[in-house]
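The structure under discussion appears below in the form of structure tokens.
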Amino acid sequence: MMKKHISRLLLVCILMALCVSMFASCEEQDEVLTLYVYNWGEYISDGSDESTDVNAEFEKYCKEELGITVKVNYSTFASNESMYAKVSSGSTKYDVIIPSDYMIERMVKEDMLAPLDLSKIPNYQYIDESFKGENVYYECGSDVTYSIPYFYGMIGVIYNTSIVDENDEQIGSWDLMWDEQYKGDILQFNNSRDAFGTAQYKLGLDVNDENEEQWRLALNELLEQKKIVQGYVMDEIFNKMENGSAAIAAYYAGDFLTMYENNEDLEFFYPAEGTNLYVDAMCIPKASQNKEIAEAYIDFMLTEEAAVANAEYTYYASPNNAVRENEEYREYMNSIKEGGYDLMYGTDAVETSSYKNLGGEQLIMLNELWEELKSDIQVGLPIYVICAVILVILIGGGTFLGVRKKIRDKY
């Protein structure tokens with residue numbers, strides 16, 4: 001009898017231990033949250049080259065300060081358009097995305113972004129006033145905040161001084177991108193807005209014009225350039241410019257410093273005709289399933305440690321005063337290239353404008369013009385000759401068959 005009681009007691013203990021173990025396991029699984037972050041390539045300090053792994057630091061912060069386990073699932077995109085296509089498809093529910101100004105405007109109008117609770121993002125205080133309030137031109141005049149500036153910058157022209165003559169009178173102008181003596185050495189943006197922007201600034205056109213005729217003027221300019229362009233690129237520009245397989249390219253100023261670090265023959269200028277000023281900002285899609293953690297992530301990115309680490313890694317201009325006022329950061333930028341800090345921040349004299357969101361009809365028009373540019377085939381004389389010969393053969397063959405048919409009919 002005693003043995004039976006002992007056996008029952010042991011069984012109860014074992015079952016209780018199993019229940020406790022299962023409960024603890026479930027509780028642990030419930031605490032693991034995955035935060036989906038979607039950003040531009042090469043746009044965060046990731047632990048490479050002795051840099052700080054900011055995402056890993058955020059995971060550590062969540063564990064130690066918030067008492068939760070968070071795993072950052074980080075992926076990248078190459079253009080605003082590809083990012084928009086992915087987010088709008090709903091195939092992945094991202095928690096934090098970092099689009100550019102005009103795309104933020106579009107996503108606000110299409111009700112794709114969640115309003116931010118600034119009480120949960122106290123480090124917003126470090127963002128410079130020039131990036132707040134009425135200066136946030138891409139939030140459609142809303143009283144609600146949908147975005148927190150991450151980086152900003154301007155587009156310019158990068159050129160290789162070992163290939164491009166430094167006395168070339170085109171240096172300082174968008175005209176350098178159309179210089180025929182560098183045929184096959186020129187790279188153009190592989191996204192419609194920036195590519196058309198280079199032509200529009202060159203021609204003195206409004207980059208936000210709604211008139212299709214004005215956009216067709218830019219298209220014609222790009223079609224002329226296409227004859228001498230080596231290719232249309234985005235992230236591929238780094239290898240091509242760093243290894244000297246291309247000599248001239250339009251791209252973002254911060255990325256120039258990254259390329260310069262690997263090839264000191266490279267130089268950069270902001271074109272005199274004017275250029276694009278852009279802001280990339282952190283947003284939370286409405287479909288986010290972890291909004292509070294997403295806001296904690298944004299707030300963490302605004303801390304001085306994370307913001308300086310990101311700025312040092314990317315070389316882009318930061319809207320964060322904790323970065324701008326950091327003397328070690330200023331010295332670091334100038335150590336990359338003499339005048340590196342002023343290249344990014346001393347730009348008040350540069351003539352700039354910003355892209356605005358195009359309406360539905362204008363977007364369709366731009367996509368059609370872009371397809372026209374990318375699908376256009378330059379047909380040379382040899383092709384015409386071959387086509388003419390084939391046509392003659394077909395006509396001749398048809399005549400011969402017709403004669404034979406008549407002869408058969410006759411007999």
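Residues take their numbers from the sequence shown, with the count starting at 1.
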TODO: Can you run down the ring pair (Phe, Tyr, Trp, His ring centres under 6.0 Å) pairs that involve residues 164-187, sequence neighbours left out, and say none if there aren't any?
DONE: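 Those involving residues 164-187 do not exist here.
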
- [ ] Please test M177 against K202 for side chain to side chain contact (heavy atoms under 4.5 Å, CB included), starting from the C-alpha separation and ending with a verdict.
- [x] CA-CA 10 Å; M177 292 279 295; K202 179 179 183 292; over 6 Å; no

Do [X] and [Y] come close enough that some side-chain heavy atom pair is under 4.5 Å?
{"X": "Q200", "Y": "D206", "answer": "no"}
{"X": "V207", "Y": "S353", "answer": "yes"}
{"X": "N80", "Y": "N191", "answer": "no"}
{"X": "N135", "Y": "E129", "answer": "no"}
{"X": "E105", "Y": "V136", "answer": "no"}
{"X": "V157", "Y": "P271", "answer": "yes"}
{"X": "N39", "Y": "Y150", "answer": "yes"}
{"X": "S45", "Y": "E312", "answer": "no"}

- [ ] Please determine if E139 and K132 form a salt bridge, counting it only when a charged side-chain N lies under 4.0 Å from a carboxylate O.
- [x]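 Salt bridge: no.
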
Task: E59 with K63: basic N within carboxylate O range, under 4.0 Å - done: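 Answer for the salt bridge query: no.
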
- [ ] Check whether NZ of the Lys or CZ of the Arg R324 lies under 6.0 Å from the centre of the six-membered ring of Y345 and within 45 degrees of that ring's axis.
- [x]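 No, cation not above the ring by the 6.0 Å, 45° rule.
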
Open item on the list: Tell me whether the rings of Y341 and Y329 are parallel (<30°), tilted (30 to 60°) or perpendicular (>60°).
Closed with: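 Correct class here is perpendicular.
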
TODO: Indicate the ring-plane relationship of W215 and F196, choosing parallel, tilted or perpendicular according to the 30° and 60° boundaries.
DONE: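 Rings of W215 and F196: tilted, as their planes differ by 30° to 60°.
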
Any donor-acceptor pair under 3.5 Å linking the side-chain atoms of [Y] with those of [X]?
{"X": "S100", "Y": "D280", "value": "yes"}
{"X": "D49", "Y": "S51", "value": "no"}
{"X": "N290", "Y": "Y36", "value": "no"}
{"X": "S318", "Y": "N320", "value": "no"}
{"X": "Y316", "Y": "D255", "value": "yes"}
{"X": "D168", "Y": "Q181", "value": "yes"}

Task: side-chain contact (heavy atoms from CB on, under 4.5 Å), paired with T198, selected from E273, E221, Q188 - done: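 Among the candidates, only Q188 passes.
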
Task: Partner set under ring pair (Phe, Tyr, Trp, His ring centres under 6.0 Å) for Y355, not counting sequence neighbours - done: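 For Y355, the residues satisfying ring pair (Phe, Tyr, Trp, His ring centres under 6.0 Å) (neighbours in sequence not counted) are Y102.
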
TODO: Check ring pair (Phe, Tyr, Trp, His ring centres under 6.0 Å) between Y38 and all other residues, then give those that pass, not counting sequence neighbours.
DONE: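 Testing Y38 for ring pair (Phe, Tyr, Trp, His ring centres under 6.0 Å), a comparison that skips the adjacent residues, returns F77, Y94.
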
TODO: Verify side-chain hydrogen bond (donor to acceptor under 3.5 Å, both in side chains) between N262 and E242, making sure each step is shown before the conclusion.
DONE: CA-CA 6 Å; N262 296 312; E242 287 172 2; 3.2 Å; yes

- [ ] Determine whether the aromatic ring centres of F151 and Y43 lie less than 6.0 Å apart.
- [x]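 Yes, the ring centres sit under 6.0 Å apart.
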
Task: Y138 ring center within less than 6.0 Å of Y278 ring center - done: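 Not close enough - the centres of the two rings lie 6.0 Å or further apart.
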
Open item on the list: Using the rule given for salt bridge (Lys or Arg N to Asp or Glu O under 4.0 Å), can you reason through K120 versus E292, listing the C-alpha separation, both sets of side-chain angles and the distance that settles it, and then say yes or no?
Closed with: CA-CA 8 Å; K120 296 178 180 177; E292 289 191 7; 3.3 Å; yes

Looking at [X], I'd like to know if its [atom1] atom is crowded, meaning that more than 12 non-hydrogen atoms belonging to other residues, nucleotides or ligands lie closer than 6.0 Å.
{"X": "Y124", "atom1": "OH", "result": "yes"}
{"X": "K60", "atom1": "NZ", "result": "no"}
{"X": "E328", "atom1": "CD", "result": "no"}
{"X": "E210", "atom1": "CD", "result": "no"}

Provide the closest heavy-atom pair for [X] versus [Y] in the form atom of the first, atom of the second, distance.
{"X": "T275", "Y": "G156", "result": "OG1-N, 4.5 Å"}
{"X": "V72", "Y": "F58", "result": "CG2-CD2, 3.9 Å"}
{"X": "S91", "Y": "K86", "result": "OG-CE, 3.6 Å"}
{"X": "C140", "Y": "V108", "result": "SG-CG1, 3.8 Å"}

Can you give each donor-acceptor pair under 3.5 Å made by side-chain atoms of residues 363-370, sequence neighbours left out, with the distance rounded to 0.1 Å?
residue: N367; atom: ND2; partner: L363; partner atom: O; Å: 3.2

Open item on the list: One pair to check against side-chain hydrogen bond (donor to acceptor under 3.5 Å, both in side chains): Q170 and Y159. What are the steps and the verdict?
Closed with: CA-CA 11 Å; Q170 311 285 22; Y159 65 98; over 6 Å; no

- [ ] Start with the C-alpha gap between E236 and K240, add the side-chain angles, then the distance that decides, and say whether salt bridge (Lys or Arg N to Asp or Glu O under 4.0 Å) holds.
- [x] CA-CA 7 Å; E236 308 97 304; K240 288 181 175 292; over 6 Å; no

- [ ] Return the set of residues passing salt bridge (charged side-chain N to carboxylate O under 4.0 Å, His left out) with D235 (not counting sequence neighbours), or none when no residue passes.
- [x]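 Residues passing salt bridge (charged side-chain N to carboxylate O under 4.0 Å, His left out) with D235: none at all.
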
Task: By salt bridge (charged side-chain N to carboxylate O under 4.0 Å, His left out) - contacts of E224 (at least two apart) - done: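 Salt bridge (charged side-chain N to carboxylate O under 4.0 Å, His left out) list for E224, sorted by chain: K227.
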
TODO: Just do the salt bridge (Lys or Arg N to Asp or Glu O under 4.0 Å) check on K286 and E110 with the steps written out, would you?
DONE: CA-CA 11 Å; K286 265 201 166 180; E110 295 182 9; over 6 Å; no

- [ ] Report the C-alpha distance between Y313 and S48 in whole Å, list the side-chain angles of each, state the deciding distance to 0.1 Å, and finish with yes or no for side-chain hydrogen bond (donor to acceptor under 3.5 Å, both in side chains).
- [x] CA-CA 9 Å; Y313 182 83; S48 61; 3.2 Å; yes

Task: Reference residue Y252; test ring pair (Phe, Tyr, Trp, His ring centres under 6.0 Å); the match among Y315, Y270, F189 - done: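 Looking at Y315, Y270, F189, the match for Y252 under the ring pair (Phe, Tyr, Trp, His ring centres under 6.0 Å) is F189.
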
- [ ] Please step through salt bridge (Lys or Arg N to Asp or Glu O under 4.0 Å) for the pair E213 and R216, ending with a clear verdict.
- [x] CA-CA 5 Å; E213 291 182 6; R216 285 207 165 270; over 6 Å; no

Task: Atom pair CG/CD1 of L187 and I237 - distance to nearest 0.5 Å - done: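 L187 atom CG to I237 atom CD1 measures 5.5 Å (nearest 0.5 Å).
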
- [ ] Any chance you could lay out the side chain to side chain contact (heavy atoms under 4.5 Å, CB included) test for D46 and Y74, step after step, and finish with the verdict?
- [x] CA-CA 10 Å; D46 61 3; Y74 186 87; over 6 Å; no

- [ ] Test I186 against Q230 for side chain to side chain contact (heavy atoms under 4.5 Å, CB included), laying out the working first.
- [x] CA-CA 5 Å; I186 299 171; Q230 181 190 116; 5.9 Å; no

Open item on the list: If you apply the rule side chain to side chain contact (heavy atoms under 4.5 Å, CB included), what do you find for V87 with M107, and how did you get there?
Closed with: CA-CA 10 Å; V87 174; M107 298 179 87; 4.0 Å; yes

Task: Chi angles and distances behind the side-chain hydrogen bond (donor to acceptor under 3.5 Å, both in side chains) call for D194, Y251 - done: CA-CA 9 Å; D194 283 332; Y251 220 64; over 6 Å; no

